[in-house]
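Here's the structure we're looking at; comments come further down.
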Amino acid sequence: MKEKGGSIYHDDEADFEVAPETAYDVLEKVNDSGKYTGDFVQELAGSDVSLDRLMEEGFTRPMLVKQKNGLELRVPSENFTVTDVMSCVGKRRQLQVFRVATQEACEMTMKQWTDYFNNPDRQDLYNCISLEFSDTRLDHYVESPAVIRRLDWVDIMWPAELKSQGDYPRVQKYCLMSTKGSYTDFHIDFAGTSVWYHIIKGEKYFWLIPPTPENLNLYKKWIQSDNQHETFFADLVSECQTVHLETGNTFFIPSGWIHGVYTPQDSLVFGGNFLHSLAMDMHIKVCKIESSARIPKNNRYPFFVDMLWYVLRSYVNMVTGKNYLESDDASQPEAGNFALSKREATGICSIISFLENLPSTKKKAPKLIKDLDGLLNDAKEMVKKEWLEGQIISATMALSKKKKVEKPKKVKRSVPKISDCQNKAPKHRRMKCKKCEPCNRSECGECNFCKDMKKFGGPGRMKQSCVMRACLAMRLSSRAECGLCAGPDASAGEEDYQKSLMECAECNEIVHPRCAKGEGKIKDDLPNLWTCPKCVAKNADTNGDPEAKRPKLEAEVAPPQPLGMIN
DNA sequence: TGAAACGTGACT
DNA sequence: AGTCACGTTTCA
Ligand SMILES: [Zn+2]
Ligand SMILES: [Zn+2]
Ligand SMILES: [Zn+2]
Ligand SMILES: [Zn+2]
């Protein structure tokens with residue numbers, strides 16, 4: 001995963017190399033589109049991207065859907081900005097970004113990133129392609145196309161019990177923010193995951209290469225070569241196709257496809273990676289390539305082997321009715337009544353042989369399966385039996401109907417304690433920011449609050465804003481004052497006076513941090529919100545333990561996840 | 001002064 | 001936990 005700028009770096013002035021630089025001009029490659037004449041991409045209407053179609057065709061060609069209607073994809077409008085992303089994920093969220101000039105990964109906060117992105121005078125090119133946001137408020141604004149949800153192994157194979165606890169491969173929802181001129185060199189997404197990819201705003205330019213055995217061999221050699229980034233991989237293969245994506249387009253990349261990405265315009269993209277039953281062989285193939293290339297764990301599909309065990313157990317359950325999952329909701333309805341198609345059986349054979357041949361160090365039971373050998377034996381028996389001839393995938397079809405798991409809502413914190421009930425200032429009403437994407441939407445006319453409005457023929461009693469217009473960054477009233485320095489000679493009106501005011505989430509007091517003594521604890525849910533020094537001290541008192549509140553239980557610590565989707 | 005709609009509390 | 005109703009705040 002290397003990032004490069006669109007232009008050649010000087011290689012004539014130094015006989016020492018700082019870092020492997022491009023030996024070609026990416027823009028030149030973009031303009032040389034006549035050279036890459038493959039014909040793989042299917043252009044479809046959203047409603048044509050159906051489960052039936054994918055199961056029939058096997059999802060082996062990239063698909064382009066220009067208008068999202070029919071995909072049942074939920075995304076914000078093209079007015080959604082990087083600032084809105086910040087409002088959702090929090091200013092202090094750490095991002096992994098790539099510095100284009102040096103091609104190195106580095107970290108910055110969401111706030112730093114937003115300031116960088118919103119300033120048109122950019123000194124350096126950076127590219128952010130690895131913000132997984134399913135643990136943030138953004139989660140509710142983005143949902144993958146319906147057909148993807150019915151294929152994604154995380155949704156249909158991973159135990160719901162674990163997923164609802166946040167214990168699952170978190171690669172389903174990425175936000176990609178790319179500056180004009182960014183480039184991601186050729187790669188295969190981890191474990192040969194397929195990708196859905198929706199352009200909220202901007203443009204993307206893909207080079208696409210099918211994962212034929214020849215191309216995979218070339219790719220293997222190329223990623224292990226010393227001069228990988230001096231060679232434009234598309235020039236090594238016999239067939240490559242380019243595709244230019246624009247605002248509103250949705251793109252689907254099949255398993256294993258080798259692709260490079262250029263960013264012709266600043267762009268905001270939502271997308272996700274997924275494993276699925278139509279590409280079992282490819283997942284194993286790519287996993288083996290990654291292992292032999294010693295790809296670091298951070299850049300691989302998390303819990304891939306665990307996932308294979310869960311997949312195997314799901315098929316064994318569907319076909320034989322036997323259950324190897326230690327869980328309450330272990331069995332599917334009508335389990336035991338399904339057969340395997342030839343393609344399913346072939347894929348499952350790949351998985352069986354992969355799991356069987358794991359070195360004993362890696363043959364570790366996933367959390368909810370104990371009897372690995374029993375499962376393997378039953379799986380082997382299962383694939384020996386006759387499979388449904390001609391029938392398209394059956395067990396998979398049945399599994400695709402598995403219900404979506406509900407996330408536990410964020411627990412409303414702090415039961416009102418006796419100490420809290422005292423000296424609480426009256427709540428200050430916050431106002432819509434009028435800048436974020438929801439603030440600038442028009443009324444949907446369909447939600448409960450809209451229907452209540454007189455303008456939509458309702459009684460007008462509820463007096464609430466349209467749910468689609470819920471502000472992402474509710475601001476303090478413009479007449480808010482510092483409770484400490486406000487007075488006749490206060491410097492109200494100065495720009496900083498308003499901007500730096502902080503409201504305490506617990507006692508509701510509004511003060512300047514500089515006027516309060518002690519350290520407050522800034523909150524990221526709303527602008528200008530913190531726990532004031534007084535309340536921080538009070539909490540420390542109440543808890544007895546002044547420093548750390550409560551040590552996190554092992555189960556609460558998020559499992560390690562990859563640093564990023566590779567586009 | 002009127003329109004918009006926030007925060008809260010009662011009800012289910 | 002979700003729905004509904006209302007007094008009241010804020011802005012223009
Ligand atoms: Zn509405
Ligand atoms: Zn807003
Ligand atoms: Zn002050
Ligand atoms: Zn406070």
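So you know, we letter chains A, B, ... as the sequences are listed, proteins then strands, and number each from 1. Just so it is clear, the structure is predicted and the values come from calculations on it, not from any experiment.
Between A/H428 atom NE2 and C/dC11 atom C1' there is a gap of 18 Å when expressed in whole angstrom units. The CZ-P distance, from A/F449 to C/dC6, rounds to 15 Å in whole Å. Atom NZ in A/K454 sits roughly 13 Å away from atom P in C/dA5 (whole-Å rounding). A/K463 has its NZ atom 5 Å from the C1' atom of C/dC6, to the nearest Å. Put simply, CE on A/M468 is 18 Å from C1' on B/dA5, counting in whole angstrom units. Between A/F456 atom CZ and B/dA4 atom P the separation is 11 Å, expressed in whole Å. Rounded to whole angstrom, the span from the CZ atom of A/R475 across to the C1' atom of B/dA5 amounts to 13 Å. Remark: P of C/dT9 and CE of A/M474 are 16 Å apart, rounded to the nearest angstrom.
Residue A/R429 places none of its side-chain N or O atoms closer than 4.0 Å to OP1 or OP2 of C/dC11.
In this structure, of B/dA5, C/dA5, C/dC11, it is B/dA5 that holds the atom nearest to the side chain of A/K432. Side-chain proximity of A/R461 to C/dC6, C/dA12, C/dT9: nearest is C/dC6.
When each of A/Q464 and A/S477 is assigned the nucleotide of DNA chain C bearing its nearest heavy atom, the one mapping closer to the 5' terminus is A/Q464. Remark on DNA chain B: of its neighbouring residues A/N508 and A/C466, the 5'-side contact belongs to A/C466, judged by nearest-heavy-atom nucleotide. Heavy-atom nearest nucleotides on DNA chain C were determined for A/S478 and for A/D452, and the one closer to the 5' end corresponds to A/D452.
Checked by atom type, the side-chain pair A/K204/A/T263 shows a donor-acceptor distance below 3.5 Å. Counting only N and O atoms by type, the side chains of A/K435 and A/T83 include no donor and acceptor under 3.5 Å apart.
In terms of polar N and O atoms assigned as donor or acceptor, the side chain of A/R479 never comes within less than 3.5 Å of the base of C/dT10 in a complementary pairing.
Aromatic ring centres of A/F304 and A/F190 lie farther apart than the 6.0 Å criterion allows. In summary, the aromatic rings of A/H276 and A/F59 are positioned with their centroids under 6.0 Å apart.
Base engagement by A/M462 is indicated by at least one non-hydrogen atom pair under 4.0 Å involving a base atom. Residue contacts shown for A/N448 are limited to sugar-phosphate atoms, with no base heavy atom under 4.0 Å away. Nucleic acid contact for A/K427: sugar-phosphate only, since backbone atoms but no base atoms lie under 4.0 Å from a heavy atom of the residue.
Here the straight-line distance linking atom CZ of A/F80 with atom CZ of A/F270 works out to 5.0 Å at 0.5 Å rounding.
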